[in-house]
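Ligands are counted one by one from 1 in listed order, and the atoms in each one are counted from 1 as well.
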Amino acid sequence: MEPITKEIKNQTSDTFPINGTDYIEFYCGNAKQSAIYYQNAFGFKLVAYCGPETGVRDRASYVLQQDKIRLVLTSAMGPDHEISQHVLKHGDGVKVLALWVDDAEKAYQTAIERGAVSFEAPKTLKDEFGEVKVATIHTYGDTLHTFVERSNYNGPFMPGYMAKESAIDVKPIGLLYVDHCVGNVELGQMNKWVKFYQDVMGFKLLITFDDKDISTEYTALMSKVVSNGNGYIKFPINEPAKGLKKSQIEEYIEYYHGAGVQHIAVATDDILYTVDQLRKRGVEFLRVPDTYYETVAERVGEIKEDMNEIKRLNILVDRDDDGYLLQIFTKPVQDRPTVFYEIIQRAGAKSFGKGNFKALFEAIEREQAVRGTL
Ligand code: FE2
């Protein structure tokens, strides 16, 4: 099948080549129903399935795709299954951030030599469409990275999965690719995981935010962003910092019962359309007050998009040395205040919306107060 990523740049000095995000797998309580949510609300198309009907007895997985983004939603068939235990502890959450590589065996061996902990040694999966090699290591919390080598495969997803369509008339909403995936880790653990990505996977430290950058009257957090050789994989890592009240990161860690993926940022090139559609389909977003828009023009200058529409849809704007960006954050997409999505449109900007942090965290605090956790 078509590898899912943008075109690869020539990177001769990259010691740990990764082509892009291959898929993101959620362990969830009811994958069948979650699959409907991602089709109806987010415009993903159901493309593949495995479960009892395909000879897999212990679980069911639904594969959904929109442009270069691929999600796998998995539920277990029994209470003692590792997937059920994961859901019991964490709620619905991200289990695997899978990375597309040219050589899964080499990626795995290199990672292990450099100190990664193995979850599963390389194995080759085969069916009538060809073969896929996979190997898996641990990262923060109970989260995993699977290296996927699919140079020789023409099936719908992976061996063991059958092509599956849905009767839903899915309307894509312009989501294109995974821009970045953010991890929340426990107090004092950020540098350990930044070093893990640097030492094990050859990532570079892009940006550091300390509690002076990211604090409000009440709460604070620290963040460092690491990125792989070609820049297609960006992993910001957050940890809580001391504030007067409980930070959003502490709230996440408490409800997720440990470190895990906090948000997945997905790129669009028409954020006004994407967010308008998401809102009409019932996706809820954090809200910044109208006063945010009183200063936005002087802060970011000229932008192409209609400011009235940006204000109506409550989209945030920021500018850096390279250009500007438009972004918005959903509320958590399950009952626990854990995983959420960011929708981002980059017009040159390579950063993460630092100018929006304060307004954003105040919006999160208002939600925390409603939940009684601030
Ligand atoms: Fe983000």
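None of Val288, Leu360, Ile344, Ile315 except one satisfies the side chain to side chain contact (heavy atoms under 4.5 Å, CB included) rule with Ile328; the exception is Ile315.
For the salt bridge (Lys or Arg N to Asp or Glu O under 4.0 Å) condition, the pairs that include at least one residue of residues 191-200, sequence neighbours left out, are Lys195-Asp199.
When all heavy atoms of Pro17 and Thr15 are compared, the closest pair comes out as CD-C, 3.7 Å. Across all non-hydrogen atoms, the minimal contact from Ile83 to Arg59 is CD1-CD, 3.8 Å.
In the displayed structure, Asp321 atom CG is contacted under 6.0 Å by at most 12 heavy atoms of other residues, nucleotides or ligands.
The Fe ion (ligand 1) has His180 NE2, His263 NE2, Glu342 OE1 as its protein N, O or S neighbours under 2.8 Å.
In this structure, the side chains of Thr274 and Leu175 come closer than 4.5 Å at one or more pairs of heavy atoms.
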